[in-house]
Amino acid sequence: MKSSIKLKRFLILLLAVAAVSCAKTIQQDSSGTLPAAQHSLTQYVNPLIGTAPLTDPKIIGYTPPKDWRVWAGLVYPGSTLPNAMVQLSPITEFHTGAGYEYEDTVIYGFAHTNKGHWNLCHLPILPVSGEANVNVEYGSRFSHDSETAKPGFYGVTLLDDQVQVDLTSTLRCGYHQYRYAAGKDRKIVFKLSRSNERVTDWNMEKVGETAVQGFQETGDQTVYFYGVLNEVIQQLDVRGKGTKDGLAVLSLRDGGSKPVELKVGLSFVSTQNAKQNLEAEIGDRTFDQVRSAASNTWEALLSKVQVTGGTAKQKQLFYTSLYRSMQWPALRSDVNGEYRDVKGNVIRADFNYYTLPSLWDTYRNKLVLLSILRPNVTRDVIKSLQDIGDKTGFIPTFFHGDHAAAFIAGAYQRGITDFDVPDVYRLLLRNATVEGGTRPYISEYIQKGYISTPQVAAPNVETKAKAGVAKTLEYAFDDYAVAQLAKALHDTANYRVLMTRSQNYKNVFDPGTRFMRGRLENGEWVQNFNPQYPYYEYMYREANAWQVSFFAPQDMPGLVTLYGGKQAFESKLDSLFTVPWNPNYIARNVSGFIGQYCHGNQPDHEEPFAYYFVDKPEKSQKVIDNILENYYGIGEKGLALSGMDDAGEMSAWYVFSAAGLYPFSAADAKYIVTVPVFDQVQWKLDNGKVLTIKKPDSGRKLTAIQVNGASHNGYFISHDLFKSGGVVEVMTEPNN
């Protein structure tokens, strides 16, 4: 247990055991089971995958320090809809990646927002029973034996209070159902002073016999809520209003055995909007109706990609990964079209406003997957970015790089054009040219063709600097992305300038060591160079030299030439996947190694496909198959991942790689063809077309590609096949 729980809150052992036994019965009775036809694909989704700790040093690459949890998985098991405002999920520890860690034994509340990035987890609520003094740290033990997690549903028994909790949700609302074993001393605690962020203010008030409303402020955002119960509120006790240790306790009148139901509407605009969201999305609908609708929503989305063949585990990992890929960015506008913009003003628009995507993490694959399966959401995400850009002067980024460029340019080329393209292009050009905006050190980059690194005598993992090598490589790719929009808009002058700048990756390649290496302001190479040592942001960002030295997705033939040709490039790649990781090099954000390659973080996720550029796809396939088989759904119970999911990026990598297509360059509308793990994959798009990927043979060595019955030259297929439909056959033979 991670905090003290008053001893008198514990039930005697016999009651606890009885609660577990009874919980299974309650859960079965209250699950609202859907007909089999309605959950044929959601049945494969296990939201608990990614919640367990990664503990195997052979996978991690090192032995973690004592009491140090590797940053792997960091996902939440609770109820949500695709790209929803609400993620209603249990909290077992605040200020963790997602607030839930599988090895924990106590639940402290059920929060209404989540992402998996040490933030959000707004509005935690916990049902309790008894006369004990409820405090902000109070929680209740639980057992995984009584826990159920499915798309659109989460259920668990709180042992210390003998309360069965069932949760479901809509886009903007959470629906709680509590079955108290006792009919008296029933309470609901709103822990409004707690979240994964610092709470700066909060309040809650009673607004009727069965209704409450309030807000929770965390820095520059405020979550408003409006809640309705099916029971009369006997008393509202607000303790420590606005303080860091405060909470609000609802006491319900005694009597009755029916479930207590709490419906909560959220808004980032006002309590009035929260109430309107609640009335529009839940209203008088029952818990089972809302849960059924949530499951059906997920079923409809998952069914856009249907697979045949493969093992049960592969199907589980595939659909769980697809489920994870469709949860972020999150909705922020209300049913009436209002949202609060980057300046804090309330705006009403004719599109849905979304949070800033995790661009550094997810531009590579997850946002491409979103553009394929949810083009209307993708359009609105771009409009949301444009809204921020129009009010700040720049399209925003996330964490590092300027990867809205690749996201937007790629989406445009995939046919998502119903946004103000000239204005977005104007903003992306400002990003690429104006100092003080999205791209730090852009003036130095333009002047020198690289971003310099200071000489530090003994840099360590946490040494802070410009991450100059990483920025140079990423800006060069971003330049290429903006150039593709320039070309589409017939801006020849900027196209030429940006394409020239896209070659800047060469300026940080050291031919002496054959690595991407930091350069001083005078152009000399940084000394004391160790290509195996990982940095957070010294020369590289969350990586070492091995992990960034193959990043030039805009110009892989040029990169191969830089290394001295195909044979030399292949030899270097072989070393990437075979030079062992030094177990003395410990960084919390890198784990899951194959040699120096790190699957547990994003910077090198293109590298398994790099053998294609020396005509050795079979070598890529061996690496890809190893990752698919051994780096997802691992650990004692198969619930761990080899790295942080990062808002669905790691999951999307699995989806594309298992399906036999990968967006090697997110800025281009084409996909590298690999050998799928399934016999057939059907992509059923909103335009009514179907793209089918077939693998007639059981081999894993790619020998040929056929498109619509004809031989296909090269390893890439165009996104046009998603637009028109067609059949891609992946011909194979057994590996030697």
Side-chain angles (χ1 to χ4, degrees), residues 45-54 56 59-61 69-77 80 96-98 100-102 114-118 305 313-314 316-329 357-370 373 398-400 403 407 541-543 547 551 587-594 597-609 623-635 638-659 661-664 666 674 677:
V45 176
N46 182 357
L48 289 168
I49 292 177
T51 64
L54 181 64
D56 186 353
I59 294 291
I60 297 170
R69 197 183 200 266
V70 174
W71 287 350
L74 304 185
V75 300
Y76 56 90
T80 191
T96 62
Y100 179 95
E101 296 182 346
Y102 189 82
N114 213 305
K115 178 187 177 186
H117 270 73
W118 295 274
V305 191
K313 179 181 178 181
Q314 287 169 337
Q316 182 187 61
L317 289 174
F318 183 83
Y319 283 108
T320 300
S321 296
L322 182 55
Y323 166 80
R324 286 283 174 217
S325 299
M326 294 291 112
Q327 295 177 9
W328 195 265
S358 297
L359 291 163
W360 188 73
D361 310 314
T362 61
Y363 83 91
R364 308 162 196 271
N365 49 39
K366 177 264 184 65
L367 291 175
V368 175
L369 188 59
L370 185 73
L373 298 181
F398 177 85
F399 189 65
H400 204 247
H403 301 316
F407 165 50
R541 195 70 190 247
E542 298 191 4
Q547 292 152 10
F551 183 82
R588 204 164 195 164
N589 47 21
V590 291
S591 61
F593 295 100
I594 304 174
Y597 171 78
C598 172
H599 196 68
N601 208 359
Q602 290 76 34
D604 53 356
H605 274 187
E606 293 80 16
E607 288 170 359
F609 306 91
V623 176
I624 293 166
D625 286 348
N626 182 11
I627 296 169
L628 292 173
E629 181 67 23
N630 298 309
Y631 289 76
Y632 289 81
I634 55 181
L639 298 179
L641 297 174
S642 60
M644 184 176 170
D645 192 46
D646 272 324
E649 190 277 343
M650 195 171 185
S651 291
W653 195 99
Y654 188 97
V655 171
F656 276 121
S657 299
L661 299 176
Y662 193 83
F664 187 81
T674 64
V677 300

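Please read these numbers as outputs of a predicted model, since none were measured by experiment. If you read the sequence from its start, that first residue is 1, and numbering goes on from there.
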List the steps, then state whether side chain to side chain donor-acceptor pair (under 3.5 Å) holds for Tyr632 with His599.
-> CA-CA 10 Å; Tyr632 289 81; His599 196 68; 2.9 Å; yes

Kindly write out the residues that satisfy side-chain hydrogen bond (donor to acceptor under 3.5 Å, both in side chains) with Asp645, not counting sequence neighbours, or none if the list is empty.
-> Ser651

Decide yes or no on side-chain contact (heavy atoms from CB on, under 4.5 Å) for Leu322 and Leu369, but give the supporting numbers first.
-> CA-CA 9 Å; Leu322 182 55; Leu369 188 59; 4.0 Å; yes

With Asp604, which residues qualify under salt bridge (charged side-chain N to carboxylate O under 4.0 Å, His left out), at least two apart?
-> none

Output for pair (Thr362 OG1, Gln602 CD), nearest 0.5 Å, gives 9.0 Å

For Phe318, ring-ring contact (aromatic ring centres under 6.0 Å, His included) partners two or more places apart = Phe678

When rounded to the nearest 0.5 Å, the distance separating CG of Leu317 from OH of Tyr631 is 15.0 Å

Rounding to 0.5 Å, atoms CG (Leu639) and CG (Asn46) come to a distance of 6.0 Å

For the atom pair CZ (Arg541) and CZ (Phe399), what is the distance rounded to the nearest 0.5 Å?
-> 3.5 Å

If the plane angle is over 60° it's perpendicular, under 30° parallel, otherwise tilted; pick one for Tyr363 and His403.
-> parallel

Find the distance between OG1 (Thr674) and OH (Tyr662) and round it off to the nearest 0.5 Å.
-> 10.5 Å

With sequence neighbours excluded, residues passing salt bridge (charged side-chain N to carboxylate O under 4.0 Å, His left out) with Arg364 = Glu606

When rounded to the nearest 0.5 angstrom, what distance separates CD in Glu542 from NE2 in His400?
-> 9.5 Å

Using side-chain hydrogen bond (donor to acceptor under 3.5 Å, both in side chains) as the criterion, list what pairs up with Tyr654, not counting sequence neighbours.
-> none

Apply ring-ring contact (aromatic ring centres under 6.0 Å, His included) to Phe664 and list each qualifying residue two or more places apart in sequence or on a separate chain.
-> Phe613

